[in-house]
There are 2 protein chains.
Amino acid sequence: MEDLAARLGVTKSAIYHHFAGKDALLAEALDHALSGLEAVAGQVRELDRPAVERLELLVRRSVEVLVERLPYVTLLVRVRGNSDVERDALARRRRIDRLVAELVGEAVSAGDLRPDVDPAVTARLLFGLVNSLTEWLRVDGRHEAPTLAAAVSTVAFDGLRVG
Amino acid sequence: MEDLAARLGVTKSAIYHHFAGKDALLAEALDHALSGLEAVAGQVRELDRPAVERLELLVRRSVEVLVERLPYVTLLVRVRGNSDVERDALARRRRIDRLVAELVGEAVSAGDLRPDVDPAVTARLLFGLVNSLTEWLRVDGRHEAPTLAAAVSTVAFDGLRVG
DNA sequence: CGATTTCCTGACCGTTCGTTCAGTATTGAT
DNA sequence: ATCAATACTGAACGAACGGTCAGGAAATCG
């Protein structure tokens, strides 16, 4: 809170004028990440297309949300459940993860995704890949969201190897 | 330190009998992760094989080290550089990342990896994928290291899609 | 203009947490 | 049995940190 206040050029008290406490501040920030991700999840869920296509769209849109709301998603992926607020965020995240797992399962059943890798593992690797962007991405114009989304999608679905 | 002491069933002072301080403890733990990863990096570097093969071997071996030393690698990937010890660890990690980037570059030049994705991005996605295992992996016998290494390698190099 | 709400400061409180240290068992070698 | 090294405990210290509160500018409105 002190660092944050210093960065804002105000005192800690000023922050407490606008937010009930550290937790409330965290909750708002996490909600900004989660609401974006939940929006694309809902959007994808209602789509009347094969599971693979919906999954790929979910991945691409998630990357776009991640780029657009990078600081908030970065915060989200670092949450470990050390407080009620964090546990609530994890619960919301898990709901999205479940959608991913479902789509992977459907896509495997439909014969569009390889069945030789455990679907549960596939789902986790898929979003591990997406979320790993927060480890190095900087919004400096060097990486456009759609380009990055395409790269992630290509690597995940088609692999790095040629031929 | 308090939590740690409690978990060990001793007082905090007992820890300070064996370690100079929190930083020294962290340094040893991080070194245990880094030495393992550096070992496979060195092993791969000396191999006289095509870059793709060396890269794939590096990925598989890294997954095995990650599984074998899970708590330590988990610690490592959470380090952000908030102290000298953490910055030293990051520097060592970056050296390994550079090897990955070099191998990806070579493999692309050799025509074995797709050139339509920025090699720097490819390298980061590749190890983002590997390191994302720390987010959910639990060593409970449900996931054998070689199986997991194969899954990661398959997804990264051949992709999820069939055909 | 005055009144009220909004925004913010500065000082302070209580807790947490890494660390220190004097003293005490425990172990092992001679 | 003696001595010394080793392995701790318990109490305390001090800095860091989240949070509170009385009061004062600054903006807003009738």
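Note on naming: letters A, B, ... go to the chains in the order of the sequence lines (proteins, then strands), and numbering restarts at 1 for each one. As the structure is a computational prediction, the values presented were derived from the model and not from experiment.
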Could you run down the sub-3.5 Å N/O contacts of the protein with nucleotides 25-27 of chain D?
none

(request) Report the residues that fulfil side chain to side chain contact (heavy atoms under 4.5 Å, CB included) with A:Arg78, sequence neighbours left out, ordered by chain and then residue number. (result) A:Thr74, B:Arg80
Rounding to a whole Å, what distance do you find between [X]:[atom1] and [N]:[atom2]?
| X | N | atom1 | atom2 | value |
| --- | --- | --- | --- | --- |
| A:His18 | D:dG19 | NE2 | P | 16 Å |
| A:Phe19 | C:dC8 | CZ | C1' | 15 Å |
| B:Ile15 | D:dG10 | CD1 | C1' | 15 Å |

(message) Five pairs per end, C1' atoms only: what is the angle between the end axes of the helix from C:dC1-D:dG30 to C:dT30-D:dA1, to 10 degrees?
(response) 10°
(message) Using a 6.0 Å cut-off, check whether atom CZ of B:Arg142 has over 12 heavy atoms from anything other than its own residue.
(response) no
Using salt bridge (charged side-chain N to carboxylate O under 4.0 Å, His left out) as the criterion, list what pairs up with [X], not counting sequence neighbours.
| X | value |
| --- | --- |
| B:Asp3 | none |
| A:Asp48 | none |
| A:Arg93 | none |

(request) Report yes if at least one side-chain N or O of A:His17 is closer than 4.0 Å to OP1 or OP2 of C:dC8; otherwise report no. (result) no
(message) I'd like to compare against my own output: the B/S/- annotation of nucleotides 17-24 of chain C with a strict under-4.0 Å heavy-atom distance to protein.
(response) BBBBB---
(request) Would you mind telling me which of C:dT9, D:dT6, C:dC7 lies closest to the side-chain atoms of A:Ala14? (result) C:dT9
(message) Using modelled atom types and a 3.5 Å cut-off, is there a donor and acceptor pairing between side-chain atoms of B:Arg54 and backbone atoms of B:Arg49?
(response) yes
(message) Enumerate the salt bridge (Lys or Arg N to Asp or Glu O under 4.0 Å) contacts for residues 151-163 of chain A, please, sequence neighbours excluded, ordered by first and then second residue.
(response) A:Asp158-B:Arg161, A:Arg161-B:Glu56, A:Arg161-B:Asp158
(message) Taking salt bridge (Lys or Arg N to Asp or Glu O under 4.0 Å) as the cut-off, I'd like each qualifying pair that reaches into residues 15-36 of chain B, sequence neighbours left out, listed once.
(response) B:Asp31-B:Arg92
(request) Just grab all the ring pair (Phe, Tyr, Trp, His ring centres under 6.0 Å) pairs involving residues 40-70 of chain B, residues at least two apart or on different chains. (result) none
(message) Please report the interatomic distance CG(B:Leu30) to CG(B:Asp88), rounded to the nearest 0.5 Å.
(response) 10.0 Å
(request) Measure the CZ-OG1 distance between A:Arg60 and A:Thr154 for me, rounded to the nearest 0.5 Å. (result) 6.5 Å
(message) Using a strict heavy-atom distance below 4.0 Å, which residues from residues 77-89 of chain A are in contact with DNA chain C?
(response) none
(message) Starting from B:Val10 and following side-chain heavy-atom contacts under 4.5 Å between hydrophobic residues (I, L, V, M, F, W, Y), which residues can be reached?
(response) B:Met1, B:Leu4, B:Leu8, B:Ile15, B:Tyr16, B:Phe19, B:Leu25
(request) Using a strict 4.0 Å threshold on nitrogen-to-oxygen distance, state whether B:Asp97 and B:Arg94 make a salt bridge. (result) no
